[in-house]
Structure formats: C-alpha cells, structure tokens
Amino acid sequence: YIIMIEGFGSSSGDYTLAVSCVPPPACVPPTIDSATVVETCNEVDGTGTFNVEVVVSDAGDAGTVISDGTNTYPVVVGTVVAGPYNSGDSVTLTVDATDDVCDSSLGDFTFTCPIPAPDNDDCANATAIACGDTVMGSTANATDSGNNSAPDVYYSLAGTAAGEEITASLCGSSFDTLIRVFDACGGTQLFSNDDSCSLQSEVTFTSDGLTTYIIMIEGFGSSSGDYTLAVSCVPPP
C-alpha cells in the first residue's frame, strides 16, 4: 500500500504518521443456520421439557462447543441438540471457540408447557352433578365456547322430579361469574344470571322432570378464576 501525505489546497508543514495493525482472528467460527426450541409436553398435567436444536452448516475450528453454562455440546455439521431443559426454564446458549475471538451468543431460549384444559371444558364432556352436590374448579385454563370472551366449563344435571325447585349457585367463587342453563348441548338457553350474590351468580328454576340440564360456568366479560358450584333442590309440595 502506498500512503501519500499532503496538505489541503497548497498548505504544507510538519506531520506525524502513526500506523497500527490488528491481526486477523486465528480461529474460524462455525456457521449457524438456525436455533429452534422443540418441546415435549404432557397433555394430562402440563409438565414437560424442551431442547434447542442448532443447525450447523460449517463446524469451524475443531474444539468449538455450544455451552449453556453447565453443559457443552460439540459443534458438528448437522443438528446439535442442547438439552433437555425443564418447562419454564430459561437458558442462554453461547458458541465457545478455542480462540475467544470467535466466541458468540446464540441467544436466550425458554418454553413453558401450557396447562391442559379441564376435563369438562367441552359440553360433550360435561361433568355429572346431582342435587346436594358442591364442586370446586377453575375456568382459568379452559377455552371459550360461549358468546363472550371468557373461558367456560360444563356440568350436567339429570332431570329430577317434576316441579322440583333447583338452585345452582356460584356464590363464594373468586371472580365475577356468569351462569347459564341449557336444555342440551348446543340447545336453548333456558336461564342465566350474572350478579346474584355480589359479583357471583345464582339461578333458580323448576325442573320438568325429564330434561338433563346443562350448566355452563364462565366469567363476566373475559374474567376467569376459581369457582364453587353448589346445587340444591327443593322437592315439589
């Protein structure tokens, strides 16, 4: 390289020329194409693990590894699997080369397995309940099948004696509830209530002695939470 030194315009004078050089890195870094979380979740209880699959097209210098701070995985051409890690964990993966100049970060990775919906999330799987029963549950992980954005669950109450007065109460629940009673899954809504006892719901109706009533529990608006459903019956006179 030829370096020419001159003044601007016609100027001239004393100068100081300093030359510094930085040598190239002695290592060849690997070529990472992608790093993807692959999870395995238990659909029953929501537990599970995840791996991070790292696709490598060039392994770079020998001795390079992927590290999570505790474990190391040799970098080879193909797919390097780091893990497994527990659901909910957060892990930082780095490329650790023999020459620190070629070290790099792959990023932070985490995954949390979703908690499964309750068994009575769908009307077809409504939980049977009878007069005198009190049951507790939560709508927090249920899906929405109603006409608002709140998650909901279902119970079925087989027809009791004709003329029997049935009360289905959510009083004592932890959130702003809404209760609906249908004559069948996908059938006609017969009764509903929003606020009967503070923000909780309670509905009373007279049995026809034949219908299996479907009780849907959901929240007002989009609310969800823990509920207590109590069913009481007063026989006809």
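Quick note: numbers below take in every heavy atom, side chains included, and nothing from hydrogens, waters or symmetry partners.
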Hey, are [Y] and [X] close enough side-chain-wise for a donor-acceptor pair under 3.5 Å?
X      : Y      : value
Tyr154 : Ser145 : yes
Asp108 : Thr92  : yes
Thr47  : Asp45  : yes
Ser57  : Asp33  : yes
Asp121 : Thr143 : yes
Thr40  : Thr49  : no
Asp183 : Thr211 : no
Glu164 : Ser207 : no
Tyr155 : Asp133 : no

query = Hey, mind stepping through Thr204 and Thr167 against side chain to side chain donor-acceptor pair (under 3.5 Å) and telling me if it holds?
reply = CA-CA 4 Å; Thr204 299; Thr167 298; 2.9 Å; yes
Distance, nearest 0.5 Å, that separates [atom1] of [X] from [atom2] of [Y]:
X      : Y      : atom1 : atom2 : answer
Asp176 : Ser223 : CG    : OG    : 5.0 Å
Ile215 : Cys123 : CD1   : SG    : 11.0 Å
Thr134 : Met136 : OG1   : CE    : 8.5 Å

Any donor-acceptor N/O pair, [X] side chain to [Y] backbone, under 3.5 Å:
X      : Y      : value
Ser87  : Cys113 : yes
Gln200 : Phe175 : yes
Asp58  : Gly60  : yes
Ser222 : Ala150 : no
Thr188 : Leu190 : no
Ser201 : Thr177 : yes
Asp103 : Ala97  : yes
Ser169 : Glu202 : no
Thr94  : Asp96  : no

task = Assess whether side-chain contact (heavy atoms from CB on, under 4.5 Å) is satisfied between Asn193 and Leu170, documenting all intermediate values.
result = CA-CA 10 Å; Asn193 179 261; Leu170 294 174; over 6 Å; no
task = Carefully, step by step, assess Val231 and Leu157 under the rule side-chain contact (heavy atoms from CB on, under 4.5 Å).
result = CA-CA 9 Å; Val231 176; Leu157 176 66; 4.2 Å; yes
Indicate the atoms forming the closest heavy-atom contact of [X] with [Y], along with that distance.
X      : Y      : value
Ala117 : Ala142 : CB-CA, 4.3 Å
Asp99  : Cys27  : CB-CB, 3.6 Å
Phe111 : Val37  : CB-CG1, 3.9 Å
Phe50  : Asn86  : CE2-O, 3.4 Å
Cys233 : Ile166 : SG-CG1, 4.0 Å
Tyr73  : Val81  : CD2-O, 3.5 Å

Are the side chains of [Y] and [X] in contact, using a 4.5 Å heavy-atom criterion?
X      : Y      : answer
Ile5   : Leu17  : yes
Cys102 : Asp100 : no
Ile66  : Val54  : yes
Ile32  : Leu106 : yes
Val181 : Val203 : yes
Glu218 : Thr139 : no
Thr72  : Ser67  : yes
Val95  : Thr64  : yes

query = Using 30° and 60° as the class limits, which term best fits the ring planes of Phe191 and Phe205: parallel, tilted or perpendicular?
reply = parallel
task = Show your working on side-chain contact (heavy atoms from CB on, under 4.5 Å) between Ile179 and Tyr227 and close with a plain yes or no.
result = CA-CA 11 Å; Ile179 190 168; Tyr227 64 83; over 6 Å; no
note = Result for side-chain hydrogen bond (donor to acceptor under 3.5 Å, both in side chains) between Tyr85 and one of Asn71, Asp68, Thr110 points to Asp68
key: More than 12 heavy atoms from other groups under 6.0 Å of CG on Asp119   = no
